[in-house]
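Worksheet: one structure, shown below.
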2 protein chains.
Amino acid sequence: MLKIDLDTKVKFLHGFSHKTRVEILECIKDNEKTVSQIVEDIQGSQSNISQHLACLKGCGLIVGRQEGKYVYYGLRNQKIRELLTMFDVVLEDVEKDVACCENHLD
Amino acid sequence: MLKIDLDTKVKFLHGFSHKTRVEILECIKDNEKTVSQIVEDIQGSQSNISQHLACLKGCGLIVGRQEGKYVYYGLRNQKIRELLTMFDVVLEDVEKDVACCENHLD
DNA sequence: AAAACATATTAGAAATATCTAATATGAAGG
DNA sequence: CCTTCATATTAGATATTTCTAATATGTTTT
């Protein structure tokens with residue numbers, strides 16, 4: 001059990017903190033895609049998506065693989081995929097919880 | 001299997017996107033604490049911590065329970081705790097991966 | 001009821017993140 | 001080579017988040 005540095009963890013988690021990045025992650029969750037496919041899927045601008053991809057890569061969440069003039073991006077590993085799945089599971093729980101307690105998320 | 005709304009998910013994930021908030025979560029991971037205990041543990045200002053606690057509550061990650069003049073904050077449920085644990089597991093994986101590939105996190 | 005304590009809220013300043021638009025790089029095809 | 005296509009990078013404008021300092025709320029203690 002390695003000791004995880006707090007700053008590293010924060011940087012890692014930062015990857016999940018923007019709508020576009022979450023969309024990208026979900027969009028490539030099951031199979032890698034080229035930048036242009038991602039741009040089309042989530043209807044963003046090329047430059048913007050490219051920047052978010054760089055961010056996700058920097059956070060350690062995705063990897064890019066060049067093939068000719070295309071670059072394919074996919075999740076870095078299986079554990080990241082499991083984490084994405086877990087977000088949904090946990091959120092369902094939270095939502096049920098919140099609904100039954102009459103509290104609100106904001 | 002409920003369908004999780006993207007905006008709800010993004011809001012939820014936003015809770016993890018700041019160093020102080022991650023510190024708070026880790027600090028109350030095993031048992032709930034009062035605001036002043038948290039302030040002391042992570043060496044922040046009362047006002048600042050209070051604002052981050054409000055944020056975490058809004059994101060659905062923690063719950064507060066008043067007892068006399070104290071307010072105890074703890075993780076909302078067990079699943080959130082598992083998620084925090086999973087972050088460490090995934091990060092270890094990523095770090096090993098990154099180390100062996102000679103890429104960097106930034 | 002006043003004082004002391006714990007926490008929350010607010011406003012505005014300061015710091016950071018994001019987006020847009022333009023340009024750069026680099027590979028493939030003619 | 002020159003063009004086209006896919007992607008990356010940059011700079012500056014804009015938007016958002018965070019912090020600090022001051023004040024407010026609510027509870028206990030005296």
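Just so it is clear: chains get the letters A, B, ... in the order the sequence lines come, proteins before strands, and each one is counted from 1.
The side chain of K69(B) approaches dT28(D) more closely than any other nucleotide in the set dT7(D), dT28(D), dC19(D). Of the listed nucleotides (dT27(D), dT7(C), dT7(D)), dT7(C) has the atom at the smallest distance from the side chain of S50(B).
Atom C1' of nucleotide dA6(D) and atom OH of Y72(A) are separated by 11 Å, given to the nearest angstrom. Atom CG in L53(B) sits about 16 Å away from atom P in dA6(C), given to the nearest Å. Spacing between atom CD of Q43(A) and atom P of dC19(C) amounts to 15 Å, rounded to whole angstrom units. If you measure from atom CD1 of I42(B) to atom P of dT18(D), you get 14 Å, rounded to the nearest angstrom. The distance between atom CG of N48(A) and atom P of dA22(C), rounded to the nearest whole Å, is 16 Å. Taking atom NE2 of residue H52(B) and atom P of nucleotide dT7(C), one finds them 17 Å apart after rounding to whole Å. The distance from atom CD of Q37(A) to atom P of dC5(D) is 17 Å, rounded to the nearest whole Å. The interatomic distance linking Q66(A) (CD) with dA6(D) (P) rounds to 13 Å, in whole Å.
Side-chain contact between M86(B) and V90(B): present, with at least one pair of heavy atoms (C-beta onward) separated by less than 4.5 Å.
The residue among S45(A) and A54(B) whose nearest nucleotide of DNA chain C lies closer to the 5′ end is A54(B). Summary of the strand contacts: E67(A) and C55(A) both lie near DNA chain C, and taking for each the nucleotide with the nearest heavy atom, the more 5' one is attributed to C55(A).
Listed for the K33(B) side chain is a donor-acceptor partner under 3.5 Å among the backbone atoms of C27(B).
The residue Y73(A) sits close only to the backbone: its heavy atoms come under 4.0 Å of sugar-phosphate atoms, none of a base. As judged by a 4.0 angstrom heavy-atom cut-off over every strand, S47(B) is placed among the base-contacting residues. Residue contacts for S36(A): at a heavy-atom cut-off of 4.0 Å it reaches the sugar-phosphate backbone alone, with no base atom in range.
Looking at S47(A) and Q51(A), their side chains do bring a donor and an acceptor atom within 3.5 Å of each other. Side chain to side chain, T85(B) and R81(B) fail the donor-acceptor criterion of an N or O pair below 3.5 Å. The closest side-chain donor-acceptor pair between N48(A) and S45(A), if any, does not fall under 3.5 angstrom.
Relative orientation of the Y72(B) and Y70(B) rings is tilted, given thresholds of 30° and 60° on the angle between their planes.
Between H14(A) and dT16(C), a side-chain N or O to OP1/OP2 separation shorter than 4.0 Å is absent.
Taking a 4.0 Å limit (strictly below) on heavy-atom distances, residues 16-24 of chain A reaches DNA chain C at H18(A), R21(A).
Contact check on R21(B) versus E23(B) returns no salt bridge, with no Lys/Arg side-chain nitrogen under 4.0 Å from an Asp/Glu carboxylate oxygen. Between K9(B) and D88(A) there is a salt bridge, since a side-chain N of the basic residue sits under 4.0 Å from a carboxylate O of the acidic one.
Judged by distance alone with a 3.5 Å cut-off, no donor-acceptor contact links the side chain of Q46(A) to the base of dA6(D). A donor-acceptor contact under 3.5 Å is not formed by the side chain of Q51(A) with the base of dA8(D).
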